[in-house]
Amino acid sequence: MAQYTRVSGSVGLITLQSPPVNALSAAVRQGIVDSMQRALSEPEVKSVVICGQNGIFSGGADIKEFGGQMSGPPLIPMIHAIEAASKPVVAAIEGIALGGGLELALGCHYRIAHSKARVGLPEVTLGLLPGAGGSQRLPRLIGVPAALDLITTGRYVTAAEALKFGLVDQITDHNTVNVAVKFAQRVAGQPLDARRISTYPCLCPPDVDVLFEEVMQRVRRTARGAIAPIACVQAVRAAATLPYNQGMERERELMATLFTSGQTRALQYFFFAQRAVGRWSMPSGARWDTSKPRPVHKAAVIGLGTMGRGITVALAQAGFSVVAVETQEKQLMEAKQAISGMLERGAKRRGVAPALDKINYGCNIQSVADVDLVIEAVFEDMALKKKVFQQLSAVCKAGTFLCSNTSGLDIDQLACQTRNPELVVGMHFFAPAHVMKLLEVVYGPKSSPLAVATAMQLGKKIGKVSVAVGNCRGFVGNRMLKPYLEQALFLLEEGATPEFVDQVLEEFGFAMGVFRMSDLSGLDVGWKVRMADGLVVPNSTTGQATRLRQGRRYSPLGDLLCEQGRFGQKTGRGWYQYNKPGSQVAKPDPWLHSFLDEYRARHTLVARRIDHQEVLERCLYSMINEGFRILEDGIAAGPEDIDIIYVFGYSWPRHRGGPMFYATTVGLNKVLERLEHYHQAHPDVPSLQPCDLLRKLVASGSPPIQKWREVIKKVRSQL
Ligand code: CAA
Ligand code: NAI
């Protein structure tokens, strides 16, 4: 709702009241309409101020109302009525003015912002465009290039940047509402014609067509199939080329298309999923709201290779003191130089001083004695990691949390090496660790809620989206990657090429197809793991056993490439060829094609034509099937956890909501039916066998994803 009061004798003050972010729900919109009518009808009132309670202007439209029956006064006429008002209306912006909140402020005649406020039009991140006149007013106010930037990226800007753009008229360090009320008194009675943004001409640079063409090309390239960014460009183009009323009509048409696209539903689901993962729980019943974290002031990182360097940078940039440990002076100095460079580049980008003095380097593990938390990032070798955990347990002060960045080894085995296994958790970062947003916090059977809460809070402080997951081989992300990679290899055996498989996956929206991604990560990484698991049989070229391991179909293709020293980008050869080692430009490799032909001939495999649909279904449905198994096993608490992990850690296209949400858009019965079909064709591939939970969900009528947890609970209680 909105509260109306008269202040300083002549100013009508409208306060939006809808905690926590004063979203513009039906009740709030009704409150604004009623309050405006009162303010305009009271003769004593000469001007109006609109503000939000609790230091927040507005977080925009109420996202929970999307998809439901529309009720209450619509936003567009409400904003038009404010703009057309005969008395000046001033927006007093504190905290945030986002989406519909900023559009409301753009309908006001003046905007005053607190210096700490942030404003933006993030609709694009929800699969929409600023459809309450924002796409038409913003370019008229701040010009086409700046409006294109804000609307197509959805980025928030600070009050200072907003002032520079001319988006707000004044900023203040004082009480914004008081300043706005005084301002409103001053402008009372002044003519308003020049203050109505919808009447402004849209100022365009002379080469506006070129600008739109360039922006459209860039947006198409980065959108990876998302349609909202493209609609945003089209809407701004309408502002630049059409009169306001026609522009509004175009905005309405584009918005209607977006609303029915399905992408917006996926992105709204994703918005709430991001918040849901913060409310973690463990099978023991421990929860986010009953488990208090312990503050961490000083941390240590053991092993300063690819991951340790990124983790050290992330910690130092967030203000933590870090002890960074390597084995030998040479590695230490190389790491120090690399970390300093990363910190300097990051600081330059953000316009701050590099946090070089936050880090103490050393080769002696004793130097971590007084830290609150350690993150181990040595080689992926269980024996080595066990030794490091024994040392840490002996050296660290009582109560130090011991965390491992392992990509998939058993956290419990590491915990068993220590005096206090309850203080051990996995903190699985993703490369590059100072950039990638995802952190899997892995709890073993002995991990305490305190340790999980502390790791989750640390993740938040260093800007990560942290997801608590259970302990199993590969945790959530890498466990689901296994069947996906496996299917991709089988498809090569059956006649596909790496380029074709990658093209299908990239058209689906992945930033990189599975083979380009494997070349980037290094083919030797998986090879070493398979060797440790006893799956690699060196120099085995023929015979039935070559393509079978432990009774299951196995493709040795990756092993054969590694035996030839083809480790991917780093060696200049992998599934693709590269101009030189380290180059990122992947080119099809004729050698690889002949190698595949020879391989098929050797194993009497007949290449067949494989279509887009089969690539997508086999790669994605096998991965989704594993996701259902993970839910069944209780490794992830809900489908949201899996979807967040896949979008933030594995470049799953956000506008498709994540693999589990995607399954709902395909239809669970269809996923089940296709898995059954492929499993029948490949009975020696267990990952294609539909899992029980998927069958049960289909049997119970494929309930909406928000209801899955109830079915999962039932399935688990029957186990
Ligand atoms: N509608 C409904 N609920 C919202 C909301 C919104 N616009 N914005 C935030 N919330 C809810 C969150 O779901 C969360 O609820 P729970 O506590 O139940 O999880 C609660 O408010 C607090 O949100 P955060 O946890 O995100 O709090 P924060 O302080 O970290 O961030 C924020 C606050 C910056 C406003 C962030 O929530 C945000 O970015 N919100 C979305 C803003 C947005 O995209 N607005 C545009 C809406 S679309 C629109 O406006 C289109 C139109 O008019 C036509
Ligand atoms: P890396 O090989 O780049 O670095 C490991 C570093 O640990 C080396 O610099 C080595 O000198 C150092 N080291 C070895 N023993 C040590 C000891 N006893 N004390 C101190 N330092 C020691 O390895 P990378 O890629 O950084 O991986 C580290 C861990 O992170 C592994 O467990 C890996 O599985 C995991 N991981 C790796 C990812 C990646 O993409 N590279 C992603 C996520 C996790």
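The first residue of the sequence shown is numbered 1, and numbering continues consecutively from there. We use all heavy atoms of the structure for the numbers below, so side chains are in, but hydrogens, waters and symmetry mates are not. In each ligand, atom 1 is the first atom listed, and ligand 1 is the first ligand listed.
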Show the atoms of ligand 2 that are less than 4.0 angstrom away from any heavy atom in Val388. 18 (N)
Is it the side chain, the backbone, both or neither of Lys387 that has a heavy atom closer than 4.0 Å to ligand 2? neither
Numbered in order shown, the ligand 2 atoms found under 4.0 Å of a heavy atom of Thr406 are 32 (O)
Between Tyr244 and the options Gln136, Arg140, Arg137, Glu249, the side-chain hydrogen bond (donor to acceptor under 3.5 Å, both in side chains) test singles out Arg137
Ligand 2 versus Phe429, non-hydrogen atoms closer than 4.0 Å: side chain, backbone, both, neither? backbone
Is atom 13 (O) of ligand 1 less than 4.0 angstrom from at least one protein heavy atom? yes
If you compare Gly60, Gly127, Gly133, Ala61 by their heavy atoms, the one closest to atom 7 (N) of ligand 1 turns out to be Ala61
Which is closest to atom 8 (C) of ligand 2 in terms of heavy atoms, Glu326, Gln331, Gln328? Glu326
Give the numbers and elements of all ligand 2 atoms closer than 4.0 Å to a heavy atom of Thr327. 11 (O), 15 (N), 16 (C), 17 (C), 18 (N), 19 (N), 20 (C), 21 (N), 22 (C)
Any non-hydrogen atom of Ile96 lying under 4.0 Å from ligand 1? yes
So, 4.0 Å and heavy atoms of Glu65: is ligand 1 close enough to count as a contact? no
If the cut-off is 4.0 Å to any non-hydrogen atom of Leu384, which atoms of ligand 2 fall inside it? 15 (N)
Contact between ligand 2 and Ser521 is defined here as a heavy atom of the residue under 4.0 Å from a ligand atom; is it met? no
Which atoms of ligand 1 are found less than 4.0 Å from any heavy atom of Leu75? 53 (O)
Check whether any N or O atom of Arg275, backbone or side chain, sits under 3.5 Å from an N or O atom of ligand 1, and answer yes or no. yes
Would you say the rings of Phe648 and Phe270 are close, in the sense that their centroids are separated by under 6.0 Å? yes
From Lys482 atom NZ to Arg473 atom CZ, the distance as rounded to the nearest 0.5 Å: 7.5 Å
Do me a favour and list the nearest non-hydrogen protein atom to atom 3 (O) of ligand 2 with residue, atom name and distance? Thr306 N, 3.0 Å
Lys64 heavy atoms within 4.0 Å reach ligand 1 at atoms 3 (N)
Short list, please: which atoms of ligand 2 are under 4.0 Å from a heavy atom of His428? 43 (C), 44 (C)
Does this structure show an ion pair linking Glu640 with Arg279, if we count only N-O contacts that are shorter than 4.0 Å? no
Run the numbers for me: atoms of ligand 1, each under 4.0 Å from some heavy atom of Gly100, listed by number. 49 (C), 50 (O), 53 (O)
